Amino acid sequence: MRAGKAAARGEEHRLAGRYEAAVQEFTRAIRLVPGYIYALGSRGLAFSAMGDVEAALADFGRAVELDPGNGWLYAERARTLTDADREQEALADYDRLIELFPDDGGAHAARGDLLWHDPESAVDAYSRAIELEPDDSFMALIGRATLYRLDERLEEALADLDRAAELDADVPYMFLERGRVNRRLKRNEQALADLDRAIELDPDNSGSYTERGWVKCDLGRVEEALADVNVALAATPDDGESLELRGILHRLAGRPAAAVADLDRAIELNPDALLAVMVRGQAHQALQLPDAAYADFSRAIELGLDSADTYVSRGEAALQRHMLEDARADAGLALERDPDHLDALVLRLHANWMLGRLFDAHGDLMRADRLAPDSSVVAHRIAEIRPILDGHLEGALMTSFAEMVADSARELMAAGSAAGETRRTEVAEFADMVFVLIDADEPDVGDAAMVEARLARDPGDSFALAVRAILHRSASRHDAALADLDAILRADPGAWWTAVLRRTVPSGDGSREEDSDLVWAYRLAGLGLSPSAEVVCAMAATDGAELLRTVFPISARTMLDIMEDPRGW
C-alpha cells in the first residue's frame, strides 16, 4: 500500500516534469517492494527524461528480467535507445515487442522509423502499421510518404499525405511534406497552398520557407523567393540547401558574384551538392572565370550530371581556355547524348574552325542551319563565320582536290596505255574528277562549245587553246593544233605540259626520238580521254596540283556546293 502511494506520487511528479522528485518517490517504492515492475519502468522514464541514459537502461533491464513478457517495457526502452542513437539495440527491442504482440501497429511504425537505411524494409513496416491500425496511422503514413518521395514514387506519396490530412489537418510537417511532393510533380500552385498552410501553422520552421522559396523560384518569382530564403537563413545560417537556393536566385537575378559566395559556402557544407556545383560553374562562366567554371563542370560530371548541357558548358569553358581538342571532345559527348543539340553543334563548329578542321566546321555549320533555320542565334553565327570559313574552305578544298587529281593523273601516265577492265575504270574515274574540276557553269557543254565560250572571254586562255589544239589534232588539222600550242608556249616557255601535248601532234618531219616528252605523249594519247580530260591529265601529271589550282579556282566552289547538297549532284 505504501509502495503504491509512493509510485503514484512519483508518476505525478514525472508527468509534471519534476523528474528528480519523481526519481525519489519511485526509489522509495522500489525499496519497499524490490521487484516493483511499474516503479522500475517509471523511474527509467524519469532517468531518461533527465538524460541519464545508463540509469534508465539499468532500470528497464531489471524490469525486463523480472517480467520478460511485458511489452510496455520493451517499447519504453526502445524509445530511450532511439533517443540515444543506439538504433540497432532499439530495433531489437521492437522486434521482441512484435514477437510478443504481432498486431501492435505502433511497434511496426516505430520499427519503420529505425529502418530508413533500408527503405524497402521501412516501407514494409509502415505498411503493416497502416494495415493494422488504419485510423491511428498518421505517423506511419507520413513516414511512408517521405520514403515514397525520396524514391520518386510521387503519386503514392501524395495519396498517403492526403490520407494523413484526413486523420489530422493541423500538423505543419504534413503540409510541408505535401508541398515538397506537389513541387516535384510540377503542381506549383498546390505546393504553394500547402506551404502557406505549413507556415501558418508553424511560422518558425525555416524548412517551410526554404521549400516555398524553391516553388517561387520555379514560378519565376525570384525576389519573392529570395525573401523566403532570407527568412530561412536568418534562423539557420548554415543550412546548405537554403544557401544553395539563394545562390541560384542570385545567379538568376544577374548577381554572379553574390551567387558564388553563397554557393561556395553551400559546397563547403556539402561537397557533393551537385546542383550547387553546376550553378557555381555557370556563375563563374558569367564572371569570365573559365578555369573555375571548367573545374565546376568537371566536378558536376564526376558527381553524375553527365547530361548534354553539362558537356556543352564544360566545352565552352574549355574553348575559353584554348583547350580546343577538349572542347571538341565535350561537344562530341553532348551530341552522343542528344544528336540534335544545337549548342553542341555550334560549340564543335567553333572548335573545328579554330583547329583548322575546316571541312568538319563546314559540316557542323550546315547541320546547325538545317536544325534551326529560323534561329536568330544560328543566323548570327552563320553571318559571322561563314564568309571567313568559306574563304578558308575553298582554298583547302582546291588544294585537296587538285592534289587528288594530280596523283590520279600521275598514276595513269606511269601505267601507260595498258588495256583491261581495271584500266577502263581508272580512266572513267579520272574523267569524273575532271568533270567536277572544270567550271561549274559549263559541265554539260561539249568541248567545242566550251572552247569557243572561253576564248570569247579570254583569247589567251591556255586551257581553252590546248583543248582546241586536241580538237584540231583529232580532225587531222595538225598545223592548226601546233599553232594553238605554240601560242601557249610563247606566252609561257616553261609550260612543260604544253610541250608534252605538242608531241602528241604529228609534225610531218617523221621524227620518233625516244625522249621523255615523247614517251609521255604516247601514253597520254593512248588513254582515250576527252580533249578536256586529256589537257587536264597533261597539266596534272607534269606541273601538278599547283597549276590546277591556278587554272581552275572555280572547282572549290563546285565542291562546296556538292558538300551542301550532295543529293543534287
Side-chain angles (χ1 to χ4, degrees), residues 244 247-248 251 256-257 259-260 263-264 266-268 270-372 375 377-393 395-397 399-400 563:
E244 179 181 278
I248 292 170
R251 187 190 67 80
V260 168
L263 295 167
D264 280 347
I267 293 165
E268 181 184 341
N270 179 13
D272 294 337
L274 174 55
L275 184 58
V277 170
M278 183 65 186
V279 175
R280 189 176 68 176
Q282 294 167 351
H284 278 139
Q285 210 161 37
L287 291 167
Q288 298 298 308
L289 298 171
D291 291 348
Y294 186 88
D296 279 336
F297 294 135
S298 295
R299 176 62 175 154
I301 292 168
E302 179 185 326
L303 290 171
L305 191 62
D306 63 342
S307 67
D309 287 340
T310 313
Y311 281 109
V312 168
S313 295
R314 189 174 72 171
E316 289 172 347
L319 201 65
Q320 289 180 288
R321 301 174 78 203
H322 304 288
M323 298 164 56
L324 304 181
E325 289 291 357
D326 291 325
R328 185 175 184 276
D330 276 342
L333 290 167
L335 289 166
E336 285 179 12
R337 287 152 179 78
D338 181 358
D340 293 337
H341 199 292
L342 187 61
D343 289 338
L345 275 170
V346 172
L347 170 62
R348 192 170 67 179
L349 159 63
H350 279 288
N352 279 328
W353 182 27
M354 296 171 72
L355 284 165
R357 304 172 67 118
L358 302 180
F359 292 95
D360 294 334
H362 188 270
D364 287 335
L365 186 66
M366 292 302 98
R367 177 157 172 72
D369 192 25
R370 286 193 295 272
L371 281 175
S375 167
V377 174
V378 174
H380 175 74
R381 298 286 187 183
I382 290 175
E384 176 187 29
I385 293 171
R386 185 166 185 171
I388 302 171
L389 181 59
D390 280 2
H392 287 298
L393 190 57
L397 278 168
T399 298
S400 175
M563 288 176 65

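Atoms considered below: every heavy atom in the structure, side chains included; atoms not considered: hydrogens, waters and symmetry mates. Bear in mind that the values here come from a model prediction, so they are computed numbers and not experimental data.
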How close do [X] and [Y] get, counting heavy atoms only, and between which atoms?
X      : Y      : value
Phe297 : Gln282 : CZ-N, 3.6 Å
Leu305 : Thr310 : O-OG1, 3.1 Å
Val277 : Pro271 : CG2-O, 4.4 Å
Ser313 : Gln285 : O-NE2, 3.3 Å
Leu287 : Val260 : CD1-CG2, 3.9 Å
Ala331 : Ala344 : CB-O, 3.6 Å

Within this structure, what is the [atom1]-[atom2] distance for the pair [X] and [Y], rounded to the nearest 0.5 Å?
X      : Y      : atom1 : atom2 : answer
Leu349 : Asp369 : CG    : CG    : 11.0 Å
Glu316 : Leu347 : CD    : CG    : 6.0 Å
Leu342 : Leu335 : CG    : CG    : 10.0 Å
Ile301 : Leu274 : CD1   : CG    : 10.5 Å
Leu275 : Ile267 : CG    : CD1   : 9.5 Å

Does any part of the side chain of [Y], heavy atoms only, come nearer than 4.5 Å to the side chain of [X], both counted from C-beta?
X      : Y      : answer
Arg321 : Asp326 : no
Glu302 : Asp272 : no
Met323 : Tyr294 : yes
Asp330 : Val312 : no

Any side-chain donor-acceptor pair under 3.5 Å between Arg337 and Ser307?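 There is no such pair (donor and acceptor under 3.5 Å, judged by atom type) between the side chains of Arg337 and Ser307.
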Taking atom types as modelled and ignoring hydrogens, do the side chains of Asp309 and His341 form a donor-acceptor contact shorter than 3.5 angstrom?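 His341 and Asp309 do have a side-chain donor-acceptor pair below 3.5 Å.
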Identify, with sequence neighbours excluded, every residue that meets salt bridge (Lys or Arg N to Asp or Glu O under 4.0 Å) alongside Arg328.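 So Arg328 forms a salt bridge (Lys or Arg N to Asp or Glu O under 4.0 Å) with Asp360.
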Please step through side chain to side chain contact (heavy atoms under 4.5 Å, CB included) for the pair Asn270 and Glu244, ending with a clear verdict. CA-CA 10 Å; Asn270 179 13; Glu244 179 181 278; over 6 Å; no
Tell me every residue that passes side-chain hydrogen bond (donor to acceptor under 3.5 Å, both in side chains) with Asp306, counting only those two or more places apart in sequence or in another chain.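 Result, side-chain hydrogen bond (donor to acceptor under 3.5 Å, both in side chains) vs Asp306: none returned.
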Who passes side-chain hydrogen bond (donor to acceptor under 3.5 Å, both in side chains) against Gln288, sequence neighbours left out?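 By the side-chain hydrogen bond (donor to acceptor under 3.5 Å, both in side chains) rule, Gln288 matches Gln320.
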Using the rule given for side chain to side chain contact (heavy atoms under 4.5 Å, CB included), can you reason through Leu303 versus Arg299, listing the C-alpha separation, both sets of side-chain angles and the distance that settles it, and then say yes or no? CA-CA 6 Å; Leu303 290 171; Arg299 176 62 175 154; 3.5 Å; yes
Would you please test Arg367 and Asp340 for salt bridge (charged side-chain N to carboxylate O under 4.0 Å, His left out) and show each step? CA-CA 9 Å; Arg367 177 157 172 72; Asp340 293 337; 2.4 Å; yes
